[in-house]
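What follows is a short report on a single structure.
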Amino acid sequence: MHFALPPRKTSHPPPYVPRSTRLPGLRKTRLKLIALAGLAFLALVYLITRPSSGGHAARAQRAPRGNPPVVLVTVLDHSKYTKAYLDAVKENRRQYAEKHGYQTLIAQVGDYDLKGAPFSWTAVPAVRHALSKYPDCHYVWYLDANSFIMNPKLKVEEHIMQSSRLDELMKKDFPVVPPDSIIKTFSHLKGQDVDFVVTQDKEGLSPGSLIVRNGDWAKFFLETWFDPLYRSYNFQKAEKHALEHIVQWHPTILARMAIVDQRLMNAYNKGAKEALYQNGDLAVRFPDCETSGGKACETETESFVQAWRRLFEIS
Amino acid sequence: MSLSRSPSPIPGGGWASPGLNIASGRSSPTRGFTGSSGTPVMWESSRLKKAGGTGYPSFSTKNQGFFVRHMRRFSSSLPRFSGSPYYADKEKLGRGRWSVHNVPLLARIWGIMSRMNKKTKIRLLILFLMLLSIFIFYNSPLVYHWRRSTWLGGGQKFVIILGANVGGGVMDWKGAREWAIERDSVRNKKKYVARWGYDLEIVDMSTKKRYAHEWRESWEKVDFVRTTLRKYPKAEWVWWLDLNTFIMEPSYSLQSHIFDHIEKHVYRDINEYNPLNITHPLAEPYLDAESQSPIGDGKASSVNLILSQDCSGFNLGSFFVRRSVWTDRLLDVWWDPVAYEQKHMEWAHKEQDALEQLYISQAWIRKHTAFLPQRMINSFPAGACSENGNDTRIHYNEQDRDFLVNMAGCEWGRDCWGEMYNFRELSYYLNRTWWERFKEDFLALIWFKLTGQRVKF
């Protein structure tokens, strides 16, 4: 059905009728523009939100908050020392820790399963234990049982571990094992990269007093040091020689280690002059005093015990 | 000398004689045969014989191909171009008339375009642009650069290290089979790398005096990983591959296969598949909660080493390490003289056993190690780990289209080259294009049904 002519338009168009039902702002051209922009936006979103293949950001390690700032670790061996002596040691650590808001971790020989290795190895898992028990600490200072802290005023994190201070203190390009190891500490090492501070006596590294900075590296270092194959190897001086071994064979460990002067944290009560304890030094050690019997240690250290008790009372 | 069939009449009348001056349907290379009508009529075969030893085969009527055999039949059945013999006259008649064929091509296209309406033009333009972009993206180097760039495809984040030249060097010479294995393996990796924009580092595993002196043969892997990380500063993951491996499915990218969803594919808790019966997790009282946890911190970002386990423990024929300080430490402590001195009699697989030892004793290693089901990166052929028959966790399965096959241990009494060849052919077969499938599965099949002959197109 159709007509020959189209119907006429009405002569009286209704007033104010919009030309189309659409919103007046949305012209066809504008719609196209909006569609294009939307497409571009979606493409951008796609590019950004794609799973970044293998590109997961390096794990942000949670920085320890420094609570407590330092943990003191000591391992006690009741079979080698008298009880009175060990009580004095404990008291010494406790008082020093209290003064600066530190914590102590006093471990007993036999606390950790050493799989038949010499008991001196206990120091290593003890330090590792301190890192687990105080995950927010900044540093762990291990000081073995035949030593006393003599200067209550010095703080570990200021006296030694401050990075600017370490820059001055550490010995660079220095043979790791005296007198002439071909392995030397790195000459371009910076204080802020140091995670492990130790001293060296005339025989070699002296792990009777050492400081580690809490972090992934410290865990790696302590666990590697404690490797069962090192424990079973019969190093002549157990963990001491194992430490010298890993430091010399594994550059990732050497690159985080600083050797400092003995008197900073490991002064001896006898022996070479530069290592000899002087008043005001942080700590004193009596190397190998326990070899001549527990009683010998007690008598050898008597004057020092009186000295630190007095110094602690004053300050 | 005699023809196998008599000359047949040509439709226009008369006889067709092969070798005669008229078009015989054969275009043989007739040197010195001018083809002018002045030469005496001559059989081609006798002429060739007279020419003597020119290197061309003598005339033969053997089946030289489908087309040649049926040429005459085809040509005679084609419709005639012109019924009348006066071809030249027809040309005259057409002269001066308008003809489509006189207009140049461009002008003709222009004419079509101008007569087209605007909407059709735009649609055609869009179609053309789409085809063009498909072409640019898929048939030009653009797709390669897209896949390679770190922020689009991310191909530069992956480097494959292929340990080539095994056992060569000072120890012995390589035979033809060894060369063939190496050639195929290298080509396979090169193709894969070119497809996805990764980098390939082929390293020389030949026995070196340097390592023999330090007793650390087969710890070269460690050094190679280290130098590769240094050489490719954008690389995030390094994939070690032994020579006797073959990537069966080059269409899988590492990203889609593993790394887009690491956490879904790997298992951190070794108890899931534990052929070595390693006590996991470590329960030492001095360790922190994360070290005592069976899955470390459980995040994908903490995975730094990905390997697979076969029937007898760790397998380092195919493994991934990520660039990280952790990896530096692992590569550093992997070889240790004290450990080696105590264990070298037990460590038949050297660096592999050393890694197992480290994993067993060190919590920091366990925290960052993850395992993939073996068949994701390291399927074995039926000959390897075959003591207990076929194991669905270990052995290659064609139906599942496993990614990579590792012919581990084939040099000990198995046929390396045979296995490599079979897997190569299988890989090609499985990854045919649709056109190849059409030809081989459809056309060839029909041809076989019709004629009983198997053909290869």
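Order of the sequence lines sets the chain letters (A, B, ...), proteins ahead of strands, with each chain counted from 1.
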[X] [atom1] to [Y] [atom2] distance, which is reported to the nearest 0.5 Å:
| X | Y | atom1 | atom2 | answer |
| --- | --- | --- | --- | --- |
| Asp288(B) | Leu131(A) | CG | CG | 8.5 Å |
| Leu358(B) | Asp227(A) | CG | CG | 6.5 Å |
| Thr224(A) | Gln362(B) | OG1 | CD | 4.5 Å |

Please flag which part of Ser291(B) lies under 4.5 Å from any non-hydrogen atom of chain A: side chain, backbone, both or neither. side chain
Listed partners of Glu284(B) passing side chain to side chain contact (heavy atoms under 4.5 Å, CB included), at least two apart: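 Once residues adjacent in sequence are excluded, the partners of Glu284(B) under the side chain to side chain contact (heavy atoms under 4.5 Å, CB included) criterion are Lys115(A), Tyr286(B), Leu287(B).
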All side chain to side chain contact (heavy atoms under 4.5 Å, CB included) counterparts of Val325(B), not counting sequence neighbours: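 Here the qualifying residues are Arg329(B).
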Contact residues of residues 120-128 of chain A (partner chain B; heavy-atom separation under 4.5 angstrom):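 Listed by number, the contacting residues are Pro125(A), Arg128(A).
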Which pair of non-hydrogen atoms, one from [X] and one from [Y], has the smallest distance, and what is that distance?
| X | Y | answer |
| --- | --- | --- |
| Glu223(A) | Trp364(B) | OE1-N, 2.7 Å |
| His250(A) | Asp332(B) | ND1-O, 3.0 Å |
| His129(A) | Pro285(B) | NE2-O, 3.8 Å |

In chain order, what residues pass the ring pair (Phe, Tyr, Trp, His ring centres under 6.0 Å) check against Tyr267(B), with sequence neighbours excluded? Phe371(B)
Are there over 12 heavy-atom neighbours, none belonging to Arg94(A), within less than 6.0 Å of that residue's CZ? yes
